[in-house]
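Treat the numbers as computed from the prediction; the structure is a model and nothing was measured. Atoms within each ligand, like the ligands themselves, are counted from 1 in listed order.
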Amino acid sequence: MDRDEDLEALRAAAAMALEYAATVDDRPATPDTAAFAGLGAFDEPLPQAGVPASETLRLLHAAGSPATMASAGARYFGFVIGATLPAALGAAWLTSAWDQNAALPVMSPVAAKLHDVTRGWLLELLGLPAGSAVAYVTGATVANASCLAAARDTLLARLGWDAQADGLFGAPAFDVVIGEGAHSTLLKSLGLVGLGRSRVHVVPADDQGRMRADALPDLAGPVLVCAQAGEVNTGAFDPFDEIADWLAARPHAAPGWLHVDGAFGLWALADPGRRHLVAGLDRADSWATDGHKWLNVTHDCGLAVVRDPAHLRRTFTAAAGYVPAGDTFDPMHHTPQSSQRARQVEVWAALRTLGRAGVAGLVTRACDAAAEIARRLAVGGLTVLNEVVLNQVLVRLDGEPGDTAGGAAEGDALTAALIAEIQADGRIWCGPTRWRGRTAMRVSVSSWKTGPEDAAFAADVILTCAARVRATLVPLP
Ligand SMILES: Cc1ncc(COP(=O)(O)O)c(C=O)c1O
């Protein structure tokens, strides 16, 4: 080990990371074939003696950077994958250099302080109850699972059962209610915490994927309801006030818990222009969201927010002589993991740099870009399937009257061909989905960088690709 050599390797790595950050907008959204082929450089036997760090890092940049998706850029519209704010990226670098374990305040005073600061800021920004706990986890899947585990144990405790001591064997039953449009990972989270993926009441959704409050089941017993802020295809919001009213109207003795999966949609709370979507959202008992999606911090950062911190603590305490559960907020006693990265550092940097107005602006800008893309695509002859209330656009390429593609199956094939054409084109990236039994394309605007010019550019690429696909259609004889 040579200190100078180590520092030189780190300087070089920082320069390579800077170069990547500076050029990501100029990269194709999808790596080219040479970049895929270049990944073969990693196919080597585990070195016997090891190689210098500088050489390893050089290989990582040379073969790895070209084979990235440019999801940190302005023109990536796949899944719901946020880019990274410069403040968050810089904070991530510093956090890595610190290498703090944020499990307990005693392990990292700065992590504990910034946890406390971000907790207050986030609750204020999102208008959630001031005393709530905010726990950092890897993503919304684990945030949902954390909240659902706390909900499970709380409901069972109210029914006289200690789930942490005795498990679920022989525990009193309670009902679980989800919407038809619930995210697939919410089912994973339900399965993970022993509540079952199929043992749920599924409430039908309306044409936007919103839970239909008028179709909530007639349940008088204890119940856990999972609502959603931001349907993954349409961006639609469940009617929280009506769901909370339904819960409150049930017999007083029956315990209830309302959880909201807001992996990206929860950030709409920060935008005063979107109040109509989020009415009643603050009446829930727990909320899950992601920092890595719409707040644009690096992966992986999820947040579990629980109204009463004691409910997280009941489920996740893992005290031992050397890791006592103190009076302060101990992350390892409020989350599934013990050792953990100090994710709050990036969240702090993002919030401080953006400010309240900046977070609202981030949301508004993405929603405006989505609306503009939808407008241009509709004018250009594509079918926009959703009301564009947030950052998601759901579109389809249907056949024009008179050509071969009149029916739904042809529309499916055309839409799949459009997606393939866009991905092959490589200037932007959009992915497929199934919506109401049909193939559709999703355009998700989740990057702080995406502005009106990028929206116009994206629409232009999509329409050009659609024209190419249409040009291949053979007219009916
Ligand atoms: C509504 C919803 N819930 C949960 C998730 C899972 O989030 P993560 O991948 O961060 O675990 C997603 C991801 O897109 C989502 O959209």
Side-chain angles (χ1 to χ4, degrees), residues 69 71 76-84 88 126 134-149 151 178-193 197 200 202-203 205 208-211 225-238 240 243 258-269 277-278 281 284 286-305 335-337 340-341 343 346-347 363 366-367 370 386 389-394 429-435 440 442-447:
M69 301 296 287
S71 51
Y76 180 88
F77 302 95
F79 305 95
V80 185
I81 295 189
T84 305
L126 301 178
V134 174
Y136 287 94
V137 293
T138 55
T141 305
V142 177
N144 279 324
S146 305
C147 294
L148 296 175
I178 67 168
E180 191 188 348
H183 196 261
S184 59
T185 60
L186 184 92
L187 293 169
K188 171 153 84 168
S189 301
L190 282 169
L192 194 64
V193 303
R197 297 184 185 210
V200 288
V202 181
V203 181
Q208 296 299 306
R210 287 178 290 242
M211 189 190 288
V225 183
C226 303
Q228 183 169 253
E231 206 276 345
V232 78
N233 295 297
T234 64
F237 286 62
D238 284 346
F240 307 109
I243 297 167
L258 175 56
H259 170 69
V260 179
D261 174 6
F264 58 98
L266 205 73
W267 296 98
L269 282 164
L277 294 175
V278 298
L281 221 169
S286 59
W287 305 261
T289 191
D290 267 319
H292 57 228
K293 288 191 169 65
W294 216 349
L295 186 61
N296 281 213
V297 301
T298 70
H299 291 88
D300 48 8
C301 175
L303 296 100
V305 183
T335 54
Q337 71 271 27
Q340 45 196 287
R341 180 175 171 85
R343 302 181 176 95
E346 281 183 64
V347 170
V363 173
C367 295
N386 65 322
V389 294
L390 206 66
N391 60 336
Q392 306 293 112
V393 186
L394 194 58
W429 201 92
C430 301
T433 190
R434 295 287 289 173
W435 179 248
R442 285 183 343 137
V443 183
S444 174
V445 185
S446 316
S447 165

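By the side chain to side chain donor-acceptor pair (under 3.5 Å) test, Q392 pairs with S444, sequence neighbours left out. Legend: residues meeting side chain to side chain donor-acceptor pair (under 3.5 Å) with N386, ordered by chain and number and at least two apart, are absent.
Side-chain N or O atoms of E180 include one that pairs as donor or acceptor with a backbone N or O of A205 at under 3.5 Å. Distance alone, capped at 3.5 Å, is enough to place a donor-acceptor pair between the T289 side chain and the A263 backbone.
The pair R341-D300 does not meet the salt-bridge criterion, since no charged nitrogen lies less than 4.0 angstrom from a carboxylate oxygen.
The salt bridge (Lys or Arg N to Asp or Glu O under 4.0 Å) pairs that include a residue from residues 286-297 are D290-K293, where partners are two or more places apart or lie in different chains.
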Short N or O contacts of ligand 1 with protein, under 3.5 Å, listed by atom name?
{"unit_1": "ligand 1", "atom_1": "3 (N)", "unit_2": "D261", "atom_2": "OD1", "d": "3.1"}
{"unit_1": "ligand 1", "atom_1": "3 (N)", "unit_2": "D261", "atom_2": "OD2", "d": "2.7"}
{"unit_1": "ligand 1", "atom_1": "7 (O)", "unit_2": "D290", "atom_2": "OD2", "d": "3.4"}
{"unit_1": "ligand 1", "atom_1": "7 (O)", "unit_2": "K293", "atom_2": "NZ", "d": "3.0"}
{"unit_1": "ligand 1", "atom_1": "10 (O)", "unit_2": "A140", "atom_2": "N", "d": "3.1"}
{"unit_1": "ligand 1", "atom_1": "10 (O)", "unit_2": "D290", "atom_2": "OD1", "d": "3.2"}
{"unit_1": "ligand 1", "atom_1": "10 (O)", "unit_2": "D290", "atom_2": "OD2", "d": "2.6"}
{"unit_1": "ligand 1", "atom_1": "10 (O)", "unit_2": "H292", "atom_2": "NE2", "d": "2.9"}
{"unit_1": "ligand 1", "atom_1": "10 (O)", "unit_2": "K293", "atom_2": "NZ", "d": "3.1"}
{"unit_1": "ligand 1", "atom_1": "11 (O)", "unit_2": "A140", "atom_2": "N", "d": "3.3"}
{"unit_1": "ligand 1", "atom_1": "11 (O)", "unit_2": "T141", "atom_2": "N", "d": "2.8"}
{"unit_1": "ligand 1", "atom_1": "11 (O)", "unit_2": "T141", "atom_2": "OG1", "d": "2.6"}

